[in-house]
Every structure is written in structure tokens, then in C-alpha cells.
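Here's the structure, in C-alpha cells; my notes come after.
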Amino acid sequence: MSAPVEERVGTAVSLRGLRKSFGEVVAVDGVDLDLAEGEFFSMLGPSGSGKTTVLRMIAGFEEPTAGQILLGGVDVTGRPPYARDVNTVFQDYALFPHMSVLQNVEYGLRVKGVDRRARRTQAGEALETVRLSGFGDRKPSQLSGGQRQRVALARALVNRPKVLLLDEPLGALDLKLRREMQLELKALQRDVGITFVFVTHDQEEALTMSDRIAVFNGGRIEQLAGPAELYERPATAFVAGFVGTSNLLADDAAEAIIGVPGVFTVRPEKIRLQPAGAPAEPGRCTALGVVREVVYLGAATQSVVDLDAGGSLLVLQQNEGGSVQDKLELRGAQVRLTWHREHAVEIGGQ
Amino acid sequence: MSAPVEERVGTAVSLRGLRKSFGEVVAVDGVDLDLAEGEFFSMLGPSGSGKTTVLRMIAGFEEPTAGQILLGGVDVTGRPPYARDVNTVFQDYALFPHMSVLQNVEYGLRVKGVDRRARRTQAGEALETVRLSGFGDRKPSQLSGGQRQRVALARALVNRPKVLLLDEPLGALDLKLRREMQLELKALQRDVGITFVFVTHDQEEALTMSDRIAVFNGGRIEQLAGPAELYERPATAFVAGFVGTSNLLADDAAEAIIGVPGVFTVRPEKIRLQPAGAPAEPGRCTALGVVREVVYLGAATQSVVDLDAGGSLLVLQQNEGGSVQDKLELRGAQVRLTWHREHAVEIGGQ
Amino acid sequence: MLHRHPRVRLALLLGPPMLWLGVAYLGALAALFVTALWTQNGFTGVIERQWTLDSFRTLFTEDVYRTIALRTIGVAVLVTLVDAVVAFPIALYMSKVARPGLRRILLVAVLMPLWASYLVKAYAWRGMFSEGGLVSSAFNAVGLESPGYGLTATVVTLAYLWLPYMILPIYAGLERLPNSLLEASADLGARTGHTIRRVIVPVVIPAMVAGSIFTFSLTLGDYIAVRIVGGTNQLLGNVVYDNVGAANNLPFAAAVATIPVVVMLVYLAAVRRTGAMENL
Amino acid sequence: MTLSGPTRVVLRVLTGLILVAIYVPLLLVLVNSFNVNKTFAWPPRDFTLEWWRRAAESQGALDALWVSVRVGLAATAIALVLGTMIAFALQRFSFYGRDTVSLLVILPIALPGIVTGIALNNAFRTLFGLELGFITIVVAHATFCIVTVFNNVIARLRRTGLQLEQASADLGASAFQTFRLVTFPMIRSALLAGGLLAFALSFDEIIVTTFTAGANQQTLPIWIFNNLFRPNQAPIVNVVAAALIVISVVPVYLAQRLSGDTDSVGPGR
Amino acid sequence: GDSGGSGSNDTAGGFTPPDLKKLETLGAGEGKLSVLAWPGYAEDGSNDPKVDWVSSFEKETGCQVTVKTFGTSDEAVSLMKTGQYDVVSASGDASLRLIAGGVVEPVNTGLIKNYADVYPFLKDRPWNSVKGQMYGVPHGYGANLLMWRTDKVKPAPTSWSAVFDANSPYKGAVTAYDSPIYIADAAMYLMATKPELGIKNPYALDDKQFQAAVDLLKQQKGLVSEYWSDYLKEVQAFTSGNSVIGTTWQVIANVAKGEKVPVDVTVPTEGVTGWSDTWMLSATSKSKNCGYLWMNHIVSPKANAAVAEYFGESPSNGKACAETADKNHCTTFHAGDQAYSEKIWYWTTPIEQCLDGRTDVKCADYAKWTQAWTSIKG
Ligand SMILES: Nc1ncnc2c1ncn2[C@@H]1O[C@H](COP(=O)(O)OP(=O)(O)OP(=O)(O)O)[C@@H](O)[C@H]1O
Ligand SMILES: Nc1ncnc2c1ncn2[C@@H]1O[C@H](COP(=O)(O)OP(=O)(O)OP(=O)(O)O)[C@@H](O)[C@H]1O
Ligand SMILES: [Mg+2]
Ligand SMILES: [Mg+2]
């Protein structure tokens, strides 16, 4: 999906031992990061885990309690926001209500003293990039949510910042629009080649869009990896649970099924659901159980199976063929679950 | 999933030729519906399609311009909200901020004059149902989004209404929480046996939870069916696109691949992606093409394939085994797509 | 019952206040301005109900009334400007810098002078502007001549008296301005001056206009402060007062009173579009 | 951090200066209440407690204070009722003439006090045949106080919307129950803020009062006005004003606390 | 001599007052009395417990008194017209208007015991009687004197020219009384300095005379630092030095001297204007008996002395001089000094019919004076 970080030309953002406390609350507790130029980087984590605070420190709205922030190798830790070559797309867009769309987009150029004509041209191009040409004269209040989101994007991009910070920019949009905007945003980033730092608490969004993802928990980075590694090889139970469904096998069940004690996680889509009498396959772990619940999801069917060995597992089956009714009727049936040994990932218990 | 409507004892809600216009705007344009007792009924549709307006007319907040509303067979069209045996869970919960959780839940009983002790008991039970015992003394502002949602639910359920109306009750929650609440809500509905009328614009949510779904478009019901039928057999292009991804084959492409002219839709998960050289299988339609884009979604991988015959199709492949890298490397490759003939559903063009 | 008849509910809600404001208050105003078209017996002060435009003729032909009207409007404009300029920084500090605890204290500090008597405050300023008072000492200390009693003192005193009425709406307006807008401006490269000029000021203008309705109308109607610190100057309020309270010439007083009323109505009509009415 | 460091410093300094400018005259009043000079000549020759002693004995000041409090409370009560009614009408209904109504509400405060004063004076005497007195002061004050309540309440209604009331009706509450249990608690702090400002407005009003007060009722400002013109009484006026400033901290602060959200105190908002 | 003495002219105006009956016999008090008074004329101890001549009246007569004060004569007239007040302390520039408007009624002085002790030169004057019928009880009088700061104004002035002359060295520090009636001061000055105008009475000015007085005042405005209308303002102005010379009342001078301000007062050579106040009874009063009792009380030696001393004027009852706390009070205020009193042009309401008896011209009436006053101040 993207080239490994090492091949990149330079480092866009470096955070060194970044800490921030508000009185008693430690919001960010020692973060080290290097973001490559042109990278699409996501910060994923539950509410209150410190994502926004890191972003605000990069933008310069918040002074770190300790640590340094480097942009393109230059230490900008003490600088005010207007002296940093980064721009932000706010969650609530923060469009200036008294200015037209065009004036909003021009704003950054205007304060830099770019002359009127050049400003018009560049702002016009930016609006074209986000497919809003012709909306320049409207007031933000006359736009829909998705359109406002795009204006905010154009307003930031027109300045050609080295780094673009986005704090849950899609959080306020509805599902369908959000999906569309995800694709657009990703395509845009590829076109303009600017480093994106993207904050979200939606794991699907992070997986779909990012080159790399940092999973935050309690002010620290719990795991930093590409989407596939993060999903397939979660380092901790927290990551396993937060990124995808947590399907844990522990204690006796793990011992009985996998043969080793420990805590393991198996992704639901890796598990094959077969009639109880199906023959065992070599190289695959096997567990017997009873289907407690079947839910039709459209593209897939999800079943909850109570294992004879204890615990339960979620199983996801793509609805490629066969009738829905057949699948639903499995409720209460004895089944055999199998998966490749390698898909049971041992995680550092927590 | 649920017994067919005809077997049910009675009809909880009937709408007869319901219309509502606001000045020039026709928000609801003739809706006829019969909801069975104990049914989990969803209204799905894009923004502005009239879902909320229908709900508000059932609750009594809006007077219909024409048509009738029957609750349990009784015409309640002109009655004020407090004289209807229905309760509503609002999108933003509408919890009374100046009352504690317990006082919120007790409210309906209080205004009915239920004495203090009985009230306490019933409210306590309702809080237990939504797993919030022990939170009674908090103020709504001291709760998380999901907890507030459950209080709103308890506040409505404690009145044991015949019908519970829910207007995008999960819209404000984040993805993970929303999934959890979907399961809880569904289980709860099964336990209490109250008819639920559930408004959402999230198709996954509707498919997962409902007995039946009405798809709204422009103030009318476009299709009314169970989840599987809706998903597998969309009646119109609109439904096909709104419920799931719209994968359309039309004109020449349809003629070339399926052999008949017309507009067809194929769900991405029904399509098998094979090397271009793989042998054709009997009974399956086949199309050749080039992979334009591969996106890793965690549990599945989604590819966009440009067909040689024209147009493009989305293909969804469950990530059951195999390396992610292999899949991503298919970008640009020649592939063959196949699917069962029956999965290409002809839709009424629109 | 009522729920079926929104018109009835509306009538019940609006009826009493409209009787009060629309009938009693507007009626009183109308009666006053009808009086302006009557005349009075100069000696006994009895109003004679004969229609005449004499009052208005005097008002428009004598230069002195135009002079006084213009002076009064000038003072009102200056008072409003002084208040806007002074209120802005303190309102900005209260809403965007001070922490909630301090904010509350500042708000109380700003509101408290409203409870000290108007007259007493005006006399306090009289003391400060007198020879040897604080103001003249301060001016003399830097080698300037003290303004003494006069229009300057009037403007300062009135601005002081009406200041809370300007601070409160501006503060409320700034309070509603999301912090993220200020951050967005800085983020886009604007220094603070830019941000204030281009983002904060345009957004608080309606609030300032709302405050100016108070400062304007209060100044146009004042006749007391100018007598205390205004030296030999008089404002429209004095003319009205002298004619009604002193000369007992209600018709002429009513005619004079039409000037501030017209000024305020024109002003209200002009600011209506700014959304100031919502910010009062 | 929404404003840069230097700006914050500048703002802090300016705020300090403005507060000094606000409080120097008030301090002067306080100092003068101890000034031996009967016309509070500056600088004071000497200090005395005489005026405070005499003020404490001044029945006239106490009576006037009591009249002012009663007038303020009555006018505020009326303004609360009428202002709330208009706010509900304008916020909850759309009808022809809404703009006119909202203009009408602000008119009494937007027109100069002397105009309102002579208009009401003339109307009370000639149109309504009322004898000037307590009632007429209350009526006049209530007229221009309505707007502060109206503004606070309508701002609150705009912010809270209809949904809580619908939720209440949905749960079976009648219109009256909804008002008592939901609507009123929701607007309570706005009523408090608007009422406080209305009271303050009434309490220090002098111009309209001059024209609407009868023989037997003098409010505190009128008492002050009269006593400034009486030989040897002026210093006592300073005492009364100084005492008022000090006492007023209590209601203002309490109201701030009770209303909870600081932003709802304003001539409206 | 006759230079002053507006009193020499007994045929006031020549208007006919409404025909109202005076009370013939005194009955019992009605129990309450509403008083409209200059500040300091009816003190009930509520402002200063030591200053109280109302409580004793209430005790003696059972008439409960409420007091409303007014700031100018004109205010008094408009308040009296509301009919809410039973008695009023009217100055000469208000009284005729009250009489002509039928607001007050003739008074039967025979029912007022203390009337006999009132200085005779205060009785039956044009501002308190019409055609020999008294409309009230004379209460006290005083003059509008010239006051100056002895340290700043040298030599001591003897003429009003110090405040009227365009070349006055005290430019910017002159003060003048803020009322239309002040036009009479200018007219009086012109009477002496411009005899060619033929002014005989400063309250009876034909168009030319009136214009001359107004022009003089407009010119004076350039000298004026501020116009005063209350004690406090003038005392403060003289204390701070914002004003150093101007018209004043004796009481103000006394207060200023009490505060150790170096001031002095004089009756300039051109004469002075002044006031003589009269208690009058409302024609629509429902408490007329209490009103008579009040009029009797207020000119009783004790009360009359108390008022005169508190307010700072000459009592109208000679016996009051024995009751003043300051034994020099009557001397200071020239009480009973008929010659001094004759020098004062007492405030009288200017009306269209010239008060000096001319019938060939119309004189400027008070409404004109008011509008002129506005244009003088500009
Ligand atoms: N200005 C502040 N003052 C005090 N505490 C703060 C402040 N800003 C953030 N915090 C605290 O710091 C912690 C981290 O907050 P932050 O906003 O960075 O989380 P987040 O990961 O962005 O969460 P969310 O997904 O809810 O936006 C939280 O506990 C929060 O309460
Ligand atoms: N009170 C109203 N006045 C005028 N138009 C209204 C009103 N309420 C709804 N409408 C209009 O009626 C139509 C249907 O609105 P409705 O709220 O029912 O849609 P919805 O399906 O619930 O949409 P959403 O998903 O955005 O909530 C819209 O066009 C809307 O603008
Ligand atoms: Mg955040
Ligand atoms: Mg809706």
C-alpha cells in the first residue's frame, strides 16, 4: 500500500519525549514519533487517550510540559501557531461565519500578504480540488456538513503546509457521507503529497486510510504499525480489542485448544465454521461448540459460538452463496470451528 | 429471525394514507403501514426522506396533513402526545439536565401520579434492565454517551408503552459503542416484547437489528421487506445503492456478461476474484478485468476491478488466510470475476 | 384542548404583554406626540386643544435647537465609541483569557457599579474634574491643561455611567464565539492583531451595536449628568426637561422629544439587519 | 491557548486599568463619606464618622430604600411575567408581525427615558386618570424592565429548543406538568439573571421615576436627588451610596452563583 | 427709594382670576396633609432628626404630613396642577400662574392667628395677592446676592458689571443661576446701565428691552464657567475655584464660609432680585382645614425661625428672630429691614400684560423667557 518509512526522503514531524499535563491530569505521557514526508499517519484511540492534545501541541495551541517538537528537522517547540508551517482541519470545521467560502479559503494567503489576484487564483484552485467551484460566494451556514468539511480542507490546503493536522474531521458526518469522504480524502492526500496526521476513534477509518497507525491509550502509544500488522498482529489485548473485535482464548480453553497456556486472539474472519462431524484438517486448530446466536449483516453473517472448552468465539462468514435461511437455522446447532495455527496470535496479557 | 407478520396476534400501529406537508415541502407523501405487536421495525433512508416526520406524527408532535394513525386499532390522529401510549427515544436523548438519572427515569410515572415507593421500584428495575443500577444519583452530564443512551431507553421503557419510537438513537455514539448498543438494544427488545419503530440512516444497523425494514425516499416507502430480501433482492436501483454498495451492470456490459440487456446489481461479496487464467465454472457468470485499486479493511479486502466489457465492479474478499501483501500486490493485475447467475439481480431501472 | 389551537395559545401569551406595551405604552407615546400639535396658554400652562404646527415651526426655525440636537447626537456617538473601545478589551479578557473563577469575579466587578447611585457617581466625576481634582491633577502633572467642566467631562462621565451596558453584550457575544475560530486564524498564519481585526471584531460587531442602543438612548435622554459636569452646555434632554418640568410647556416639550425618538427609530432601523436585536 | 502570550499580557494590563478607572470614582465616594467637608471638597481636610452616624438615623433614607426595593420587586415581578410570555410567543410561534413585537419590546429602553417619562406622566394623568404614586412608578419601571427578562429568556429558549418539552409530553405530562417540571427549571437561571438586571435597572432609575413618582413615594434615587439640593445633607448621600455598593455585592454574587452559567447575565443576550 | 420696590405697583397685570370662594370658618383637621415644598421648607426629621418642625405640627393637629419637594418654581407649578397636593410654598415666579390657573384659592387670613405678626411690607404684594385679596401666607424672603472669592477677586466688586461686562477679568470663572428668571437680573442691570431702554420693571420687558437683556446674557455666556441650580454645585465650584464670582443666596455663602472657603457677598449698586415665598392652598384640596392649620403653624415664631435658619433666609414673622439658634440670624439676613427689602426685585411671573402698567405694548411672557433661556445657553 505504501513504501516503508525508511525509503522516504525526510522526516516531516518528530516528537521527542512529548508530555503534557493539565494540573493533575497527565494527558500525554511521553510520546516519541517520527513521521515521514508524504505519509498518511493516523492516531487511533479511545476518548481521552490524548490524541487531540498531541495534535494541538504540534499545531502550537498547547505548550508541552516536556519534550520537543521538530518540523522538518527544526525545533519549533516554543513558537506560536502562526509561525509553524502546519495547518489544521478542526472537528467542528471552525469556518469563519462572517466570511464567504472564498474569503475563508483565502484567509491564510491574505494574512500572508499575497496580492488579491494571486489569492483568487489559488483559492479557486483549492476549491476545485475539493470539488466546490461555484460555491465561493456562499456563507458557511448555507452549506451542508460534507461541504463545510471540504471548505475547511481547502482552507488548510491552500497554504501548502508541510503537514496537515486533522482532528476527527469526519466525526460529524453520517455514515454514507463519511465513507465517501474517506475515499476523497485519501485520494487527495495522494495527489498533494502532504503529510497528513489524522485523528480518529473509528478503527475501520484508520485501517482504510492510513500508511501507519499509532494506537493511543492513556496518553501513551500502545502500538505503532501499518494497518495489516496492527490488525493481524495486535501487540496487546487492548489493541486487539480496539482494532477489530476481540476474540480472546485464555486459560483452560487456550490450553485445551491450542495446546499452550497463554492469551490468544483469533480474528472472526479467520475462523471456518463447519458441521460438527466434518473431518479435522492437519495444521489447523479445532474447537467444538454450539451456535448461540446468528446475525445477518448483509455482506456477511456473524455467529457467536459457545465453546465446549469454555468461552465463546465470534465467527464471520462472507455471504458468498447459499440461502440466508440456512445460515440462520444453524442457531443451536453443534459445530466445529477451525483456524490456521498461525492466526491464533499470542498477546502480551494486560 | 422472526415469525411472519400474519401470525402475530394484533396490529400495534397502522398508518393509513399518511401525508404531511410543510408549506411547499411535502415531507411525507402517502404512507401506509401495519406494524405487528412485538415487531422490530426499521425506517431507513437518506437525510430528508421523511423518516423523522413519520415518527413525530406517530408520537403526536406533528399533526398529519392527511391520513390516519391507529394505535392498537384505535384512531389517535388528533390526540396530544401525552394521551398516546407510545414513547420516544430521541436522537440526542433529551434527558432532563436538571434531574438525576433516577428522576429522569421516574418522570413518566410521576406525572401519572404513581406513588413514590412504586415509582422507585419500577425505575430501579428499568435501570437494571439497561445495566445502570447504581447510577441513579448522577446527573446526565456525568454520564458517557452510551450511558445516556441507556437512560433515555430506561426512561421510555419504564412506562411500558405499546410502541417505542427511536429516532437514530445510536447516531451520536462512536463506532465501537454503537455496535455494542445495537446488540443490547436488540436483546432488550426481544425480552420486553414491545414494538420498536427504529429510524436510522445506517444500513448495516438496520440489517442487523430489524424484523422488517421500510426504505424511504422522498417521503414515500420505496421497498418494505425483511433484511435478507431487501439486501439480496433490492426492488430498485435506489434501494440497491442505499442498502449496501451499488454494483451496477448496465447496457452493453450487462448484455455481454449476463447475456440479457437490462440493469443488474451484484453484491461485492458474491463475486469471486480469480487469476485471469482460471477455468470457467458452469452456472456462473464471468467477466474479465483489471484491478484498479485494493483497500485493506481488516476483516476483508475490497478491490475495484475495471471490466473489459465496460464499467467497474467492487469485489469483497474475506481475509480468511493468505498474506495481505499478496492481495495488495494484485493491483494492476488481469483477473477473472465470477458469480452465480442468480446473484445478478435485475432491478427496476429508475 | 389548547393543544389543538395554537392561535388561541398565542393570543393568550401575547395578549397581556401587548395590552401593556402596544396599547398602554404606545398609546402614551401617541398621546404625547398628539400634544405636540396642540398649544398651551403661556401663563396658566393650561393645554389648549387647538391644532397647530407652532411648536414644530419654532423647533425648525430656531438655530439653537439644531445646534443642541447635533451636539447631543455628537455626544452620544462619542460616548458610544468610548464605551465600545473601553469595553472591548475587558470583555475579551473576561471571555477568552480569564479562568472561570476569575471570570465570575470580574463579571460581578463590572456589574457592581450599576448599584451605586447614578447621581453619586456623577458627582464623584464632578469632583474629579474640578480644579485640583484627580483629573486636573493628572493633566497638570503631564503639563496639560485640564479639560474642566464641559463636553469632554460630559462624554467621560456618561461613558463611565453606561459602561456596564456595553461590556455585558460584548462579553456575551465573545463568549459565544468558539475558541476554535481564534485557533483556526492563528493556525492559518494570522498574528493576534490580524485575528482581532478580521475574526473577533466582525463577529462582535452585532454585540457592540446592541450595547450602543443602550448608550445612545440613555445619552439622548439624559439631562442630569450634563448639568453636573457639563459646564454651560445643554443637551436635548435639558431642553425637554426645561420645557416640561420648568416651563410646563408640554406641547413644545413633546415636539422637542420627537428629535431623539426619530434618531433612535432611524438607528434601530439601520442596525436591524446586523442582528443586533438578537444580542441585546 | 487562544490568544498569544503578549496579547494576554496586554489584555490583562488593560483590564486592570479599566477596573481602576471603574473603581476610582466609587472609592472616591467611599472616601468622601468620611470627608468632614459638607460639599466633599478634595482633598479632604479631615475625616469623620459623623455622616455615617447621621445616615444610620436617617429615616428618610431608609423609607426611600424600602420604597425602591418594593418598586424594584414589583416591577421585576411584572417584567418576569410579561417578558417570559413574549419570549415564549416569539420563540414558539411564527406569526405575522413578530418583528414588530420584538421591536416593541425594546422600544421602552431604546427610547430616551425622558420621553418615556413625560409620555407616561401625561398618559397617567390625562388618559388613565391615575394619581401618581407607587403604582405608577411600578408600571413605568416594569415597562422598560420587560426587555431584560425577554432577552434572557428568549436566548435560553433558543438554546434549549423544544425537545425537552416534547420528551415530557411524550412521557405523559400535561402542558401544565411540563411547564412546572421541565420548562420552568430550564429557564429558571435565565429568569434570575434577567430579573436581577431588571431590578438593578429599576433600583437606580431616576429620570422616568421623576415623572411618574407621586407626592408620597420617593425612591432612593429621588431621595438622593432631593438631598443633594439640601444644605448639609450631601455627605449623607455619599454614605448611602457607599453602603449600597458594598451591600450590592451580595445579591449580584449570589445571582451569579445560582444562575450557574456566567454568560446568561447581560442586558440580555 | 423707588428704584427697587416692585411693590409700588399694586395693580398686578390686570388679569381676572377665576372666581373661587375662600373658607369662612375653620373646622376640624381632616387627618392628613400633602405638602409640596422647596427642599428644606418642610423637614420632618427623616433626613436629620434634629431638623424637624413637622412632627410637632402632626402631634398638635393630628394632620399626618407627606412632603414632596421640587427643584424649580416651574416644577412646582406643574406638580401643583396634578391636584395631589394640598399646600405649596410658591415663589413669586410661580404664584401668579397658580392663581391665574385656578390651582390655588383665596385665603381667609382672618383664620390664621399668626398672620398678624407677619411683616406688613410682605402683605398684599403683587406676587401673593390679586386686587387686595391674599392668596396665601408670606413665609420668608431673600435676595440673589453677588458672591465672590475674596482671595481671587480683588478689589471687592460693588457692581454686577463684574459678571456682565464682556471684559470682566473673571472670564471663565463666573457663575449664574440656571433658570429663565435669571433674565430679570440682566434686565435689572440694564435698567441701571442703559437707561435709554426705559426698563421700569425687570419682569415687564417689551420686545426691545427683552432682546437687550437676552443679548447681554448671550454675551455673558462667554464668561460663565457653569450655571448653578443647587447649593452643592455652587459651593463645590467656589471651593474648588472653578467659579470665583457670581450670583448666590445667603445660605450658600454661609455654607461656603462654614467650609472655610474665603467668600463674601454684597448687594451691588444696581440692586438685586430675590424671592418672597408664600404658602398657598390648593383649590381642589380635600384637607383645607389641615391646610389652614399648616399655614398658621409654618409662620409661627418657632417654625418660621427654624425654616429661616435651616434654609437660610429672612423669616416673615418678626417674632421668629427671638427663636433662632444663631442670635445674629436676623441681622445677617436683614430681617424686618424694610429699606433692604424694598431694594429687592422679587421674582414675579412675567405675563403678556406688562406688570409695570404699560398698556401700549405687549411684554414677553414666561414661555418666551423659557425659550430665550434655552437659546442663551445655546
Ligand atoms: N484544557 C484541558 N484542561 C484539562 N484537562 C484537559 C484539557 N484538555 C484535555 N484534557 C484532558 O486530557 C486528556 C486527554 O484529552 P484529549 O482531548 O487529548 O483526548 P482525545 O484522545 O482527543 O479524546 P477524544 O477522542 O474524546 O477527543 C483527557 O483526560 C482530558 O480530560
Ligand atoms: N418543521 C419543519 N418545517 C419545514 N420543513 C420541515 C420541517 N420538518 C421537516 N421538514 C422537511 O421535511 C423533509 C423531511 O424531513 P425529515 O426530518 O422527516 O427527514 P429525515 O428522513 O428524518 O432526515 P434525517 O435523516 O436528516 O433526519 C425535509 O425536506 C425537511 O426539510
Ligand atoms: Mg479529541
Ligand atoms: Mg430525522
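Chain letters run A, B, ... following the sequence lines, proteins first, then strands; residues in each count from 1. Note that the coordinates shown come from a computational prediction; the quantities given were computed from them, not determined experimentally.
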Given a strict heavy-atom distance threshold of 4.5 Å, which part of [X] is in contact with chain C: side chain, backbone, both, or neither?
| X | answer |
| --- | --- |
| D:Arg92 | neither |
| D:Pro221 | backbone |
| D:Ala200 | both |
| D:Leu90 | neither |
| D:Ser94 | backbone |
| D:Thr210 | side chain |
| D:Asp99 | both |
| D:Leu111 | both |
| D:Val81 | neither |
| D:Ala243 | neither |

Is it the backbone or the side chain of [X] that comes under 4.5 Å from a heavy atom of chain D, or both, or neither?
| X | result |
| --- | --- |
| C:Leu265 | side chain |
| C:Arg7 | side chain |
| C:Ile224 | side chain |
| C:Leu236 | neither |
| C:Met18 | side chain |
| C:Phe216 | neither |
| C:Thr35 | side chain |
| C:Leu26 | side chain |
| C:Leu218 | neither |

Against chain C, work out which of [options] has the most heavy-atom pairs shorter than 4.5 Å and name it.
| options | result |
| --- | --- |
| D:Val10, D:Thr7, D:Thr15 | D:Thr15 |
| D:Pro108, D:Ala123, D:Ala242 | D:Pro108 |
| D:Ile86, D:Asn238, D:Val246, D:Ile18 | D:Ile18 |
| D:Gly83, D:Ala169, D:Ala89, D:Ala110 | D:Ala110 |
| D:Leu127, D:Leu244, D:Val115 | D:Val115 |
| D:Ile206, D:Ile247, D:Thr143, D:Leu28 | D:Thr143 |

>> Can you give me the closest heavy-atom contact between D:Ala61 and D:Val240, atom names plus distance?
In response: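 Heavy-atom minimum between the residues: CB-CG2, 4.2 Å.
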
> Closest heavy-atom contact between C:Leu13 and D:Phe88?
Replying inline: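 Closest heavy-atom pair between C:Leu13 and D:Phe88: CD1-CB, 3.8 Å.
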
> About how many Å separate CG of D:Leu14 and OH of C:Tyr93, when rounded to the nearest 0.5 Å?
Replying inline: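 Result: 11.0 Å between the selected atoms.
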
Are the side chain of [X] and the backbone N or O of [Y] linked by a donor-acceptor pair below 3.5 Å?
| X | Y | result |
| --- | --- | --- |
| C:Ser185 | C:Leu182 | no |
| D:Arg98 | D:Phe93 | yes |
| D:Asn151 | D:Thr148 | no |
| C:Tyr160 | D:Ile22 | yes |
| D:Ser202 | D:Ala198 | no |
| C:Tyr123 | D:Val29 | no |
| C:Ser217 | D:Ile109 | yes |
| C:Ser212 | C:Val209 | yes |
| D:Ser68 | D:Leu220 | yes |

> Listed by chain and number, what are the side-chain contact (heavy atoms from CB on, under 4.5 Å) partners of C:Ala159, not counting sequence neighbours?
Replying inline: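 side-chain contact (heavy atoms from CB on, under 4.5 Å) check on C:Ala159 returns C:Val79, C:Val82, C:Asp83.
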
> In terms of ring plane angle, is the pair C:Tyr223 and D:Phe211 parallel, tilted or perpendicular, where the classes change at 30° and 60°?
Replying inline: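 Perpendicular: the ring planes of C:Tyr223 and D:Phe211 meet at over 60°.
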
>> Can you pull out every salt bridge (charged side-chain N to carboxylate O under 4.0 Å, His left out) where at least one residue sits in residues 122-133 of chain C? Sequence neighbours excluded, please.
In response: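 Sorted pair list: C:Arg126-E:Glu226.
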
Among [options], residue most engaged with chain D (heavy-atom pairs, under 4.5 Å):
| options | result |
| --- | --- |
| C:Ile105, C:Leu29, C:Leu220, C:Leu119 | C:Leu119 |
| C:Met128, C:Met112, C:Met264 | C:Met112 |
| C:Gly193, C:Pro17, C:Ala124 | C:Pro17 |
| C:Thr219, C:Val263, C:Leu10, C:Leu92 | C:Leu10 |
| C:Pro113, C:Ala254, C:Ser95 | C:Pro113 |
| C:Gly237, C:Gly127, C:Ala109 | C:Ala109 |

>> So D:Val31 and D:Pro44, do their side chains get closer than 4.5 Å, heavy atoms only?
In response: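 Yes - at least one pair of side-chain heavy atoms lies under 4.5 Å apart.
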
>> Run the ring-ring contact (aromatic ring centres under 6.0 Å, His included) test on C:Trp115 and D:Phe203 for me, step by step, so that the C-alpha distance in whole Å, both residues' side-chain angles and the decisive distance to 0.1 Å come before the verdict.
In response: CA-CA 7 Å; C:Trp115 297 79; D:Phe203 195 74; 5.8 Å; yes

>> My understanding is that only one of D:Thr209, D:Thr219, D:Thr212 makes a side-chain hydrogen bond (donor to acceptor under 3.5 Å, both in side chains) with D:His141; could you say which?
In response: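 Considering D:Thr209, D:Thr219, D:Thr212, a side-chain hydrogen bond (donor to acceptor under 3.5 Å, both in side chains) with D:His141 is found only for D:Thr209.
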
